[in-house]
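Only one structure is covered here, and it is reproduced in the block below.
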Amino acid sequence: MKHLAQTLTIFCVLLLLGACGSDENKQTAPTDNVSDTITIGAVLRLSRGASDGLPARHGMEIAVDQINAAGGINGKKLNIIFYDSKDDSTTAVNAVQKLISVDKVQAIVGPMMSGNVLASAPLCNRDKVVMITPSGTSPKISQAGPYVFRLCTPIHTQANALVTRAIALTGKNNPTAAIVYSNDPYGKGCKNLFVNYLQAQDITPAGIETFQRGDKDFQAQLTNISASNPDMLFFPGYLQETAPLISQARQMGLTGLSIGVFGDMAPQYIHLAGTAAENHLNASEYDEANPAEQNQKFVAAYKEMLAKNPQTSDNIMFASLTYDAVQLLASAFASGAASGEGIQSYLDKVENFPGVTGILNFDTNGDVQKGEVYLFQVKNGAYKKI
Amino acid sequence: MLTQQLINGLVSGSAYALVALGYTLIYGVLGLINLAQGELYMAGAFGLWAGMALLKLPFLGAVLFGLLTAGIVGLAMERLVFRPLQNRHPLIPMLAAIGLSIMLQALALLFFGPETKPFPLELPPSHFTMGSIRISWIQILLMGGAVIVMVGLIWFVRYSKNGKALQAVAQDPEAARVVGIKPEFCISMAFFASALMSGAAGMMMAAYYNATYPYMGVLPGLKGFCAAVLGGAGSIPGAIIGGLLLGLAENLGAAYISSGFKDAFAFGILILILLVRPSGILGKRT
């Protein structure tokens with residue numbers, strides 16, 4: 001009996017220790033809020049979804065390093081506090097709450113996923129703190145309030161552009177289409193948009209199939225759509241599944257143009273799918289090959305960062321978006337904006353801001369406008385802007 | 001369309017059959033359910049990948065290397081974990097197997113990272129057409145490979161001297177020892193053969209699905225277990241039939257009912273079998 005009590009006590013102590021350990025998820029030491037620094041908060045995917053989140057974090061760090069090396073903003077150093085969103089709305093809201101009320105940050109970059117953005121938006125609007133999401137694509141974010149801005153194209157604009165371009169690329173008057181989608185909110189949302197925009201062009205998909213995250217065997221689904229060998233294959237999902245999916249489709253003799261979404265927009269996709277990825281059509285927010293001097297400097301800094309951090313995945317698009325978010329905020333601070341209202345009205349009015357992701361403006365909903373949706377196709381084993 | 005789906009089912013079914021054979025061999029000899037069988041499948045696939053991508057072996061050399069990797073992991077399992085636990089309560093080796101499976105996944109994660117690796121050899125898409133049926137060469141190769149491995153195993157168990165010794169140990173280890181058979185050696189051999197089966201399945205599916213990753217063995221391991229139970233635990237023909245049936249049911253379910261619930265069909269069948277005929281299709285009623 002005594003033994004049991006002892007064991008239980010030790011167990012409880014261990015549990016408590018564990019709980020304390022995991023509670024401290026702050027990634028950077030907090031700054032003493034002295035007036036010679038400006039602090040930005042960031043809520044990124046640093047554990048779950050880190051293959052997107054770590055590049056985003058490094059994008060922000062590259063921007064901060066460049067700004068501070070050039071003497072800071074009006075003599076003040078820029079500083080970032082990072083929190084992990086854990087892909088969970090509650091965690092994201094808590095992080096935003098803490099950034100606003102405890103860390104008293106000037107503005108927030110993130111969260112990266114639409115659900116987390118929508119959940120945190122009311123807090124930012126209430127406390128008048130600007131939040132810039134680098135990658136939340138949900139159409140609902142447009143209506144999320146005056147303090148919410150986003151740097152990527154909403155998903156429906158992307159889907160429409162993809163459908164239009166795909167039809168043009170097939171070169172046929174009445175091409176056939178099939179959709180195999182990932183059975184999660186993102187894949188399903190994309191599937192519905194593709195169906196809508198296809199129907200707007202009088203095309204009804206010949207087959208719509210689904211798969212679960214983690215699946216690697218798509219033979220049954222592909223066989224179902226293979227009879228008609230459709231001209232367009234829409235595969236919305238994440239590359240862990242869509243890369244084997246496209247190679248199995250090619251093995252099966254499907255020759256149609258393949259079309260993907262954000263989830264495939266990484267060199268890893270081409271690495272996994274090999275020649276099967278050739279001609280894969282996709283939308284992105286950033287063109288690495290953009291010759292502008294600012295962009296070349298950013299690409300070089302990113303490459304250097306990759307060499308130093310081998311665990312970070314090569315996903316420069318997310319880094320470019322958060323890099324621009326920091327640059328936008330820095331220029332707001334430089335213009336003298338010190339309060340949430342000041343930053344908000346600066347972003348509202350900003351005109352033709354030269355970012356690495358393009359020439360940026362915001363519409364009245366806080367959605368970025370850069371003139372076009374960037375479409376990419378895989379040519380000779382690399383994504384090329386078309 | 002139906003024939004096409006049947007072929008898909010037979011291909012994935014032959015992989016399940018190989019894993020099920022791995023379970024059955026060990027269950028037949030030791031009465032142990034080695035739940036780490038899926039990790040031998042993963043070890044085979046990673047062995048092949050490492051052989052080609054890291055050691056730059058030619059394809060056949062890499063296949064042998066993959067088989068050897070799986071075999072060595074299987075032998076090590078037996079020697080380091082199951083032999084010391086041999087005379088314990090039967091639950092203990094089973095729990096140890098679950099622990100082993102988690103540990104091997106973690107090791108693979110540590111050595112190879114979480115990212116999926118493509119199959120090191122890019123296979124050209126080519127087909128063999130017969131009337132309305134189209135079979136890709138890779139499907140023919142995989143099924144052919146599976147048949148060769150199965151025939152080899154049956155020959156080994158039924159007709160080779162070592163296989164007969166294995167059967168003797170399965171029937172009565174003490175009596176086998178009396179006639180000069182070393183049960184320890186036979187048990188090691190069973191583990192090695194069972195690792196080869198699962199490793200071969202892992203390599204085949206890594207090529208077929210073009211994906212090698214640390215958790216790849218989890219589902220095939222469970223499905224191989226379902227197939228072994230379905231066919232009748234301990235029966236070699238039962239494991240083959242069980243695996244093929246499972247593959248067929250899963251693919252037809254996905255093709256004609258709902259493609260999102262593929263895995264649900266496999267485990268639904270397991271529950272049904274356990275309710276209706278717990279001893280399996282070819283299992284002896286006890």
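In what follows, chains carry the letters A, B, and so on, assigned in the order in which the sequence lines appear, proteins first and then strands, with residues in each chain numbered from 1.
- In terms of non-hydrogen atom pairs under 4.5 Å with chain B, the most contact-rich of A:N183, A:T210, A:L272, A:V180 is A:L272.
- Considering CD of A:Q248 and CG of B:N8, their distance stands at 9.5 Å, rounded to 0.5 Å.
- Taking the ring axis of A:F218 as reference, the NZ or CZ atom of B:K262 does not stay both within 45° of it and closer than 6.0 Å to the ring centre.
- With respect to chain B, the highest number of heavy-atom pairs below 4.5 Å among A:A227, A:A243, A:S51, A:G253 belongs to A:G253.
- Using a distance-only test at 3.5 Å, with no hydrogens or angles considered, no donor-acceptor pair links the side chain of B:N210 to the main chain of A:P244.
- Heavy atoms only, all atoms of each residue included: A:A220 and B:A254 are closest at CB-CB, 3.8 Å.
- For A:E304, the CD atom counts as loosely surrounded, since its 6.0 Å shell holds 12 or fewer non-hydrogen atoms of other residues, nucleotides or ligands.
- Separating the CG atom in A:D215 from the OH atom in B:Y209 is a distance of 9.5 Å, to the nearest 0.5 Å.
- Of the atoms belonging to A:S226, not a single heavy atom falls under 4.5 Å from chain B.
- Across every non-hydrogen atom of B:Q5 and A:Q219, the tightest pair is OE1-O, 4.5 Å.
- Here the side chains of A:K216 and B:T116 are in contact, with some heavy-atom distance below 4.5 Å.
- Only the side chain of B:Y213 comes within less than 4.5 Å of a heavy atom of chain A; its backbone N, CA, C and O stay farther away.
- Around NZ of A:K384, the count of heavy atoms belonging to other residues, nucleotides or ligands within 6.0 Å exceeds 12.
- Side chains of A:T223 and B:N251 form no contact here, defined as non-hydrogen atoms less than 4.5 Å apart.
- Taking all atoms of both residues into account, the shortest heavy-atom contact from B:S12 to A:D217 is CB-OD2, 4.0 Å.
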